[in-house]
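Reading through the structure tokens given below for one structure.
The sequence lines fix the lettering, A, B, ..., with proteins before strands; numbering per chain opens at 1.
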Amino acid sequence: MVYDILIRQVRDIIRQSIIHSDIEYAVEPARSGFGDISSNVAFLLSKRLHQSPADVARIIADGCIIPPDSLIDTIRAHPSGYVNAYARWDKLAYMILESSIREGYGSVKTGQSCIIEHTSVNPNKALHIGHARNIIVGDVVSRILRKAGHKVTILNYVDDLGLQVADIVLGFRHFKYDIEPPKGIKFDAYCGDTIYVDTNAQYDKHPELYKMRSDILYNIEQGDTDDARMAKEITRRVLAAQLSTCWKLGASYDILNFESHIVQSGLWSQIFDKLKKMKIATYESEGENAGCWVIRDKVLVRSNGTATYMAKDIPYAAWKMGIIKNPFRYVRYEGQPGNTPLYQTIIHDDGIEMPLKADMVITVIDSRQSNLQEMISNILYEMGGKNYIHLRYEAVTLSEKTAKDMGISTDGKTQMSGRRGIYVSVDSVYDTLYRKAYSETSKRNPDMGTDALHLTSHVLSVATLRYEMIRQDLGRPITFDMDKSTRLDGDTAPYILYAYARACRVLEKVRDFGHADTSCIYGDKELHLLRLLGMYPIIIRDAASNLSPKVVARYCHDLAVAFNAFYESCTIIGSGAHQGGRLYMTRAFGAVMHDALHMLGIDAPHRM
RNA sequence: GGGCCCGUAGCUCAGUAUGGAUAGAGUGUUGGACUUCUAAUCCAAUGGUCGAGGGAUCGAAGCCCUUCGGGCCCGCCA
């Protein structure tokens with residue numbers, strides 16, 4: 001890591017220049033325009049020495065002795081009080097470029113393992129744009145952690161037992177819907193848009209349906225009933241349709257966990273016993289929760305003996321944390337693209353065993369579930385499970401315009417609701433993006449074949465959606481607007497991919513690199529690009545330790561801006577003595593960008 | 001009543017973890033650059049009491065307190 005070496009060297013040089021070696025000063029990459037490495041050491045010392053930061057900085061800079069073999073050229077005091085170091089770019093340029101194109105640049109082996117759960121959509125409807133944020137955030141964080149050297153296992157929890165499933169079974173049974181969707185409609189959309197919405201609309205008018213629904217739910221939970229068999233068929237078909245959308249977005253999983261298997265495995269009673277024994281759960285004999293088992297003031301088991309939603313989450317979480325015995329065996333779930341095999345849990349069968357162990361367990365759920373997640377985390381902590389992390393993000397809402405376009409009249413933003421059919425599906429967003437991308441790509445590349453056009457449009461659509469879902473902070477709600485959110489210019493994925501494609505086209509034109517003379521690299525634009533390339537390992541560390549996809553997204557954007565500036569101002573092919581070095585830069589940019597985009601789950605076309 | 005998140009340019013957002021230099025992008029508006037390695041691009045201009053007030057600090061968009069505005073959560077629903 002070139003920057004680590006640089007920082008260490010500056011720190012050593014400064015330490016030898018100051019007398020007070022006990023203070024903890026920062027040495028970090030400089031803001032652009034202020035050299036390469038900066039330190040705040042003078043600010044911290046100024047008080048003790050009763051002198052201004054500027055004076056102290058000057059004294060420190062004057063006292064710096066730079067070893068002859070150093071990567072540092074000069075150390076200067078800035079009037080503001082900063083001590084700034086300037087690097088020997090004649091040496092650094094080659095070092096950065098050489099490591100940039102090396103396999104695994106920026107990776108480290110931590111040996112840490114982690115489990116991450118994301119997606120986990122109820123299997124009764126098509127995925128909407130709010131789910132997309134979950135899927136993409138979860139997938140990108142997984143990729144970041146893998147890049148940062150963790151062993152990552154990705155889980156997707158499928159609640160195939162809830163009331164939402166009973167709604168669908170009731171719809172098919174009572175309202176006699178055809179089990180096959182109309183031609184051209186996916187099964188998940190059919191269940192969600194037609195059966196689920198229509199059935200829910202009937203409850204107010206026909207209260208007797210509530211009784212039917214709870215009977216159906218009871219039957220489903222029993223397992224060996226017609227309703228249970230129908231529920232299983234429906235949920236598996238919906239899941240398959242949902243997964244096809246997830247896979248289309250480039251997400252993949254290691255394990256599918258079914259709620260029905262968790263129930264059948266007896267995990268709940270194990271956990272319940274433990275909670276009782278440890279006095280975490282207590283029985284209320286009077287008051288408003290009389291007859292219930294509660295944790296603090298939250299009901300865990302109702303007076304009729306059934307478990308609440310929170311209770312259902314505890315055994316799964318405890319299993320992920322490894323604090324109860326693993327009851328599951330696994331069989332392959334077919335169809336996942338790529339090389340990662342997908343397994344599903346199975347009970348009472350001779351599937352394979354897979355031990356699960358993790359130093360860190362991450363659950364990706366939106367912040368509306370924060371209270372519940374905090375409680376679960378506390379309960380697990382009391383049972384000895386540390387490092388349960390709720391990776392929260394604010395939900396996605398619909399813009400006023402997009403809501404209006406869907407026939408929903410509201411003031412301001414609209415929360416999505418599957419029950420009421422108010423949502424924008426991931427598939428429809430993808431289709432919109434695909435049409436736009438196809439039209440733009442074919443316009444610019446009239447000679448491109450149909451297959452290539454399709455592939456490029458697909459890649460651009462996925463990239464645009466992914467970037468849109470991660471470029472802002474997780475703590476900020478996304479207002480989805482069909483027009484604004486599917487733009488292909490400005491701060492979007494196509495901007496980044498365009499820079500990459502430009503680099504590819506240059507490299508295609510010149511096969512022979514010749515001598516890469518990096519001593520010719522000294523222009524502002526060139527050095528800026530080089531600095532960013534050198535900073536890549538720091539970015540990965542930052543993104544991983546903060547579980548922050550946007551850090552990588554912004555880096556990709558900054559890198560693209562830097563390359564475009566370089567590309568616009570420097571001739572590459574035919575630049576004489578400069579050509580070798582600039583080609584090397586172009587190649588290094590391509591390598592790092594490709595790798596960084598891979599962390600975002602984005603493929604980069606060579607032409608667009 | 002309690003808890004969490006957000007407030008920075010007309011609009012959408014970076015920057016806040018770990019206080020420090022001229023507060024940055026995109027978009028919008030106005031003007032400019034394609035005979036050239038792709039104009040999904042670039043350049044220039046425009047645009048800011050960092051919601052408000054107080055405090056600690058040599059120094060605050062960032063830390064502490066108060067306050068205003070917006071969003072979300074707090075069920076024997078899931």
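- Atom P of nucleotide C13(B) and atom CZ of Arg487(A) are separated by 14 Å, given to the nearest angstrom.
- Of the N and O atoms on the side chains of Arg487(A) and Thr492(A), not one donor lies less than 3.5 Å from an acceptor on the other residue.
- Side-chain atoms of Arg476(A) lie closest to A14(B) of the nucleotides C76(B), A14(B), C73(B).
- Nucleotides A56(B) and G75(B), compared at atom C1', are 44 Å apart to the nearest Å.
- You'll find that the side chain of Gln472(A) is closest to A14(B), out of C73(B), A78(B), A14(B).
- Base pairing of C58(B): its partner is G20(B), meeting the Watson-Crick or G-U wobble criterion (both donor-acceptor distances under 3.5 Å).
- Distance check on atom P: C63(B) versus C4(B) gives 15 Å, rounded to whole Å.
- Between the side chains of Gln51(A) and Arg58(A), no donor N or O sits under 3.5 Å from an acceptor N or O.
- Not a single donor-acceptor contact under 3.5 angstrom links the side-chain atoms of Thr308(A) to the base of A78(B).
- Under the Watson-Crick or G-U wobble criterion, with both distances below 3.5 Å, U41(B) is paired with A33(B).
- Lys443(A) comes within 4.0 angstrom of nothing in the nucleic acid, heavy atoms only.
- Nucleotides C68(B) and C11(B) have their P atoms positioned 23 Å apart, rounded to a whole Å.
- Note on Ser303(A): a base of the nucleic acid sits closer than 4.0 angstrom, heavy atoms only.
- Relative to the side chain of Asn564(A), the nucleotides C42(B), A14(B), A21(B) differ in distance, and C42(B) lies closest.
- Taking the centre of each ring, His528(A) and Phe566(A) stay at or above the 6.0 Å mark.
- Residue Gly490(A) is classed as a sugar-phosphate contact, given heavy-atom separations below 4.0 Å to backbone atoms only.
- Considering Ile262(A), Val121(A), Asn122(A) as possible partners of Tyr157(A), the one that fulfils the side chain to side chain contact (heavy atoms under 4.5 Å, CB included) test is Ile262(A).
- Counting any heavy atom pair closer than 4.0 Å across all strands shown, Cys504(A) reaches no nucleic acid atom.
- Residue Asp473(A) places its side chain closer to A14(B) than to any other of A14(B), C76(B), C42(B).
- Whole-Å rounding puts the Asn40(A) CG to U18(B) C1' distance at 10 Å.
- Where Tyr82(A) and Ser442(A) each meet RNA chain B at their nearest nucleotide, the meeting point lying more 5' is that of Tyr82(A).
- With P as the reference atom, C50(B) and A9(B) are 10 Å apart, rounded to whole Å.
- Across all strands shown, Thr441(A) has heavy atoms under 4.0 Å from base atoms, whether or not it also approaches the sugar-phosphate.
- For U27(B) and U8(B), the C1' atoms lie 16 Å apart once the distance is rounded to whole Å.
- If you take CD1 of Ile478(A) and P of C72(B), they are 16 Å apart, rounded to a whole angstrom.
- A side-chain donor-acceptor contact under 3.5 Å links Tyr555(A) to the backbone of Leu532(A).
- As a whole-Å value, the separation of Leu488(A) CG from U27(B) P is 13 Å.
- Checking C73(B), A17(B), C76(B) against the side-chain heavy atoms of Arg368(A) singles out C73(B) as nearest.
- Residue contacts shown for Gln164(A) are limited to sugar-phosphate atoms, with no base heavy atom under 4.0 Å away.
- Here the two rings, on Tyr434(A) and His458(A), have centers that are 6.0 Å apart or farther.
- As judged by a 4.0 angstrom heavy-atom cut-off over every strand, Leu460(A) is placed among the base-contacting residues.
- Among the heavy atoms of the strands, none lies under 4.0 Å from Ala503(A).
- Counting only N and O atoms by type, the side chains of Arg76(A) and Asn84(A) include no donor and acceptor under 3.5 Å apart.
- Applying the 4.0 Å criterion to OP1 and OP2 of C42(B), one finds that Tyr495(A) has a side-chain N or O inside that range.
- In this structure, Phe43(A) does not count as stacked on the base of G59(B) under the 5.5 Å centre distance and 30° plane angle limits.
- Within 4.0 Å (heavy atoms only), Thr492(A) reaches no atom of the nucleic acid at all.
- The residue Arg505(A) sits close to a base: some heavy atom pair falls under 4.0 Å.
- Comparing A17(B), A78(B), C37(B) by their closest approach to the side chain of Asp159(A) singles out A78(B).
- Nucleotides C64(B) and U18(B) place their P atoms 10 Å apart, quoted to the nearest Å.
- Formation of a donor-acceptor pair under 3.5 Å by the Thr199(A) side chain with backbone atoms of Tyr196(A) is not found in this model.
- Listed candidates were U41(B), A78(B), A14(B). Nearest to the side chain of Arg502(A) is U41(B).
- As a whole-Å value, the separation of Lys550(A) NZ from C6(B) C1' is 12 Å.
- Looking at heavy-atom distances under 4.0 Å, Arg392(A) makes contact with sugar-phosphate atoms alone, never a base.
- The Arg31(A) side chain lies nearest to A21(B) when the options are A21(B), U41(B), C77(B).
- Partner assigned to A78(B) is none, using Watson-Crick or G-U wobble distances below 3.5 angstrom.
- Taking atom C1' on both nucleotides, G48(B) is separated from A23(B) by 9 Å, rounded to a whole Å.
- Closest to the side chain of Asn84(A), out of A39(B), A21(B), U41(B), is A21(B).
- The nucleotide G10(B) finds its pairing partner in U27(B), both defining distances of the Watson-Crick or G-U wobble pair being shorter than 3.5 Å.
- In the set C37(B), C73(B), A17(B), A17(B) carries the atom at the smallest distance from any side-chain atom of Asn546(A).
- Ring orientation note: the planes of His594(A) and Tyr500(A) are tilted relative to one another, at an angle of 30° to 60°.
- Comparing Lys525(A) and Gly287(A) by the nucleotide of RNA chain B that holds the closest heavy atom to each, the one mapping nearer the 5' end is Lys525(A).
- With both ends at atom C1', the span from G59(B) to G19(B) equals 8 Å, rounded to whole Å.
- Checked for salt-bridge contact, Lys401(A) and Asp483(A) meet the test: a charged N lies under 4.0 Å from a carboxylate O.
- The separation between Asn371(A) atom CG and C73(B) atom P is 10 Å, rounded to whole Å.
- If you check C72(B) for Watson-Crick or wobble pairing at under 3.5 angstrom, you find it paired to G3(B).
- Look at CG on Leu529(A): it is 14 Å from P on C42(B), rounded to the nearest Å.
- Base engagement by Phe34(A) is indicated by at least one non-hydrogen atom pair under 4.0 Å involving a base atom.
- Ala290(A) comes within 4.0 angstrom of a nucleotide base, judged by non-hydrogen atoms across all strands.
- Atom pair Asn378(A):CG and G3(B):C1' shows a separation of 13 Å (rounding to whole Å applied).
- Counting non-hydrogen atoms under 4.0 angstrom, Ser38(A) reaches a base of the nucleic acid.
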